[in-house]
Amino acid sequence: MTARRSAMIPALVTAGVLGVIALGWALVLRAEGKVNKVALAEAPRPVTVIPASDTTFRDSRSYVGTLRPWIEASVGPQFISAYVDTVLVRPGAVVRRGEVLATLDCRNASAQNQAVAAEARAIETRQRAVADQAARMQSLLDGGFIDPNTVQQNQAQSVSEEAQLAAQRAKLTAQTLEVNDCILRSPFDGEIATRTIDPGAFVRPGNPIVSVVDRNTVRMNFDVPESDFDAVAVGTPASIHVVATDKTLTGAISRRSPSADPDTRTVHVECDLADPNREIPVNTTGEARIEVGQPIHATAVPLYAASITGTRAALFVVDDGVARKSTYPVLGERGSDLFLDTSLKAGTLVVTEGRTALSNGEKVAANQIAYTVAPIASASPATAGGKP
């Protein structure tokens with residue numbers, strides 16, 4: 001039994017050694033299997049591509065301007081300085097022409113007006129008495145009962161009193177204007193835009209208390225370079241985007257200045273938009289877009305797929321798994337889309353993501369995604385033209 005066990009020991013040791021060698025060889029083969037034997041430079045580079053889209057393009061001009069009310073007025077005293085007694089309106093209130101907006105404490109002006117009126121009545125009474133006396137003395141002069149010099153002096157006094165009366169009436173008119181200035185009324189139908197002063201404040205001529213705007217017609221004001229003078233002729237259709245409400249309206253050029261600004265060499269243009277429901281906030285930003293020329297056939301790609309230099313765009317196109325760098329004439333841009341000459345055929349695969357790390361002629365593994373040209377924002381109709 002002992003001899004048999006002694007004979008099995010070498011066999012077990014030999015089997016263990018062979019097992020260890022087999023395990024080591026398996027580990028070596030496994031490690032070598034994970035080694036990449038292909039050079040990284042020869043491996044296709046993963047990129048994202050889109051097919052170029054067949055479309056049409058029409059050149060356009062965009063200008064940023066201001067949406068102004070048809071009429072705007074700052075209401076405040078014009079002739080008198082006084083304390084504000086009442087302010088009857090707040091922003092957003094709808095007012096009618098002649099409606100009282102605010103009043104001033106004008107007790108002093110009213111008292112002065114009454115004093116001037118009383119003095120004018122006194123002068124008028126004296127003037128009538130002197131005029132009657134001069135008429136009677138003229139009748140005595142015809143009969144030779146009075147000295148002519150006395151009659152002339154009396155007539156001169158009558159004329160003097162009449163002049164004083166005219167001067168006093170003029171003073172009364174000025175004083176009446178000051179009294180009327182104490183009641184501030186709306187100059188037209190509109191809405192209150194701002195309220196800058198409250199009761200108790202002291203105001204002087206030229207200090208506005210409230211402002212009134214008329215929004216039934218809104219004027220889109222913008223300036224264009226002198227080179228675009230012909231593109232903004234009166235009657236040219238325009239698309240107006242209201243930034244505040246994110247709405248787009250259609251209109252037309254209502255008026256164009258015949259002269260450019262001598263400093264900026266820009267021409268002032270206005271487009272009237274009817275707004276009977278008063279939905280457009282005024283003194284806000286607007287963007288006017290005007291199309292020029294005729295629609296032309298073009299090929300569209302995403303703007304981020306190309307590098308633009310001047311009037312040419314460089315991009316990578318994929319052909320048989322190889323990226324080729326090519327340049328094409330640029331027709332224009334709109335939003336996030338770039339419009340190129342049709343020398344770039346529709347359906348050509350264009351690299352979008354991963355192009356910055358590409359080299360001309362490099363192999364790529366393309367992942368194609370869908371691409372559609374963004375539609376032009378629809379515009380709501382707006383009546384062109386404005387008030388006379």
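For the single chain, residues carry numbers from 1 onward in sequence order. Values below: every heavy atom of this structure, side chains too, minus hydrogens, waters and symmetry copies.
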Pair Thr55, Ser53: side-chain N/O donor-acceptor within cut-off below 3.5 Å: no

Asn216 and Trp70, any side-chain heavy atoms less than 4.5 Å apart: no

N-O pairing of Asp189 and Arg96 below 4.0 Å: yes

Check: Arg58 side chain, Gly293 main-chain N or O, donor-acceptor pair, under 3.5 Å: yes

Arg334 to Phe57 six-membered ring, cation-pi geometry met (6.0 Å, 45°): no

Side chain Arg90, main chain Arg195, donor-acceptor under 3.5 Å: no

Main-chain N/O of Ile280 paired with Asp275 side-chain donor or acceptor, under 3.5 Å: yes

Option among Arg45, Arg324, Lys325 that satisfies the salt bridge (charged side-chain N to carboxylate O under 4.0 Å, His left out) test with Glu362: Arg45

Heavy-atom closest pair, residues Asp228 and Arg61: OD1-NE, 3.5 Å

Under 3.5 Å donor-acceptor, Thr299 side chain and Leu344 backbone: yes

Under 3.5 Å donor-acceptor, Ser343 side chain and Tyr328 backbone: no

Flag, side chain of Arg256 to backbone of Phe229, donor-acceptor distance under 3.5 Å: yes

Sidechain-backbone polar pair: Asp337 side chain, Ala374 backbone, donor-acceptor under 3.5 Å: yes

Heavy-atom donor-acceptor pair, Asn207 side chain to Arg204 backbone, under 3.5 Å: yes

Distance-only donor-acceptor check, side chains Thr86 and Thr103, under 3.5 Å: yes

Ser211 side chain to Thr194 backbone, donor-acceptor under 3.5 Å: yes

Check: Arg68/Asn283 side-chain N/O donor and acceptor closer than 3.5 Å: yes

Distance, nearest 0.5 Å, that separates CG of Leu67 from CD of Glu287: 10.5 Å

Thr56 side-chain N/O to Pro295 backbone N/O, donor-acceptor pair under 3.5 Å: no

Nearest heavy atoms of Pro187 and Val75, plus distance in Å: CD-CG2, 4.0 Å

